[in-house]
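Below is one structure, written out as structure tokens; the observations come after it.
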Amino acid sequence: MNKNFNFIAVLCCIIFVLNTSSFAFCAENADLSLNKEQALIKDEIVENILKERTVQKPYVHLNYNYKSTIKIPVRISAKERIKSENDVYVGQVIEFEAENDVFYKGKLKIKKGDTIKAKVGTIITSGMNGIPASIIFEDFEIAGLSRGQISNSLEVFGQDRSLIVFPLKWALTILPPTGSLTNFIMGGHVKIKQGKTFTIHYCPEWL
């Protein structure tokens, strides 16, 4: 009886080890197959989408005087009206106009009325809890000046309603779940009127 029991126990152990090895082998093969499928998908994306797309690198300040803190404000105004962030796209060129003459060391660098071009770098849509939308303008270009001498970016926001939403949310916490309803209050859209003024900076000692 004991011999039969020992034989059955050994046989069960052998079967268990074989099943475990088979499972591990199948799992390893499944991982290899999955990795191959992912590699094929990545190759297909590269060939069909990314390979034909040219990406323009943004201007980078590689060399300039890091110790210089000279910044001359330049007031600019929008030449055209932007109704909301949905009316523009990333990479679009937007024209502004200089609102004042800018001098440096007695020389006229920017003349009032000069056209200043910028690109739409980032568009952020409005969010819940009153978080406003915004547009980030980048790569400012002014004739006769290096792009490295102009402010890196200008961010324009819509109406920030979070200043109203959060106090209201805390006031309503005593009546759950009414406080959570304020999550659905969206922030304002970006609205830029023609002639609306903004300020960027001219850094003459930058390259």
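In this structure the side chain of Val74 never reaches within 4.5 angstrom of the side chain of Thr199, judged on heavy atoms. Counting heavy atoms from C-beta on, the side chains of Ile131 and Ser126 never come closer than 4.5 Å. Side-chain contact between Leu154 and Ile136: absent, with no pair of heavy atoms (C-beta onward) separated by less than 4.5 Å. Residues Leu145 and Ile110 form a side-chain contact, since some pair of their non-hydrogen atoms from C-beta on lies under 4.5 Å apart. Leu108 has its side chain out of reach of Val102: every pair of non-hydrogen atoms, C-beta onward, lies at least 4.5 Å apart. Using a 4.5 Å heavy-atom cutoff, the side chains of Glu141 and Ile150 are not in contact.
Among residue pairs with one or both ends in residues 76-85, those qualifying as side chain to side chain donor-acceptor pair (under 3.5 Å) are Ser77-Glu99, Lys79-Thr115, Glu85-His189; sequence neighbours excluded. For residues 102-127, there are no ring-ring contact (aromatic ring centres under 6.0 Å, His included) pairs, not counting sequence neighbours. Residue pairs that meet the ring-ring contact (aromatic ring centres under 6.0 Å, His included) test with at least one member in residues 110-133, sequence neighbours left out, do not exist here. Among residues at least two apart or in separate chains, there is no salt bridge (charged side-chain N to carboxylate O under 4.0 Å, His left out) pair with a member in residues 183-203. Applying the ring-ring contact (aromatic ring centres under 6.0 Å, His included) test to pairs two or more places apart or on separate chains, those with a residue in residues 114-149 are Phe96-Phe137.
Hydrophobic clustering keeps Met186 apart from Val190 (ILVMFWY residues linked when any side-chain heavy atoms are closer than 4.5 Å, directly or through intermediates). The hydrophobic clustering, which links ILVMFWY residues whose side-chain heavy atoms are closer than 4.5 Å, places Ile192 and Phe157 apart. Both Phe198 and Val120 are members of a single hydrophobic cluster when ILVMFWY side chains are connected at heavy-atom separations under 4.5 Å. Under the 4.5 Å side-chain contact rule for hydrophobic residues, Ile123 and Met128 do not share a cluster. Under the 4.5 Å side-chain heavy-atom criterion for ILVMFWY residues, no single connected hydrophobic cluster contains both Ile185 and Phe166.
Put simply, the side chain of Asp101 gets close to the backbone of Lys112: a donor and an acceptor are under 3.5 Å apart. Side chain of Asp139 to backbone of Lys119: no donor-acceptor contact under 3.5 angstrom is found.
Atom CG of Asn129 and atom CZ of Arg161 lie 13.0 Å apart (nearest 0.5 Å). Distance check: Ile82 CD1 to Asp87 CG gives 8.0 Å after rounding to the nearest 0.5 Å. To the nearest 0.5 Å, atom CD1 of residue Ile135 and atom CD of residue Gln92 are 9.0 Å apart. The CG atom of Asp114 sits 8.0 Å away from the CD1 atom of Ile142 when rounded to the nearest 0.5 Å. Atoms CD and SG, on Gln149 and Cys203 in that order, are 8.5 Å from each other to the nearest 0.5 Å. If you take CG on Asn100 and CZ on Arg75, they are separated by 7.5 Å, rounding to the nearest 0.5 Å.
A pairwise comparison of heavy atoms in Pro167 and Ser162 identifies CD-O, 4.0 Å as the closest pair. Between Gly130 and Asp160 the shortest heavy-atom distance is O-OD1, 3.5 Å. Closest approach of Gly121 to Glu138, counting heavy atoms only: CA-OE1, 3.6 Å.
Applying the under-4.5 Å side-chain rule to Ile, Leu, Val, Met, Phe, Trp and Tyr, the cluster around Tyr89 consists of that residue alone.
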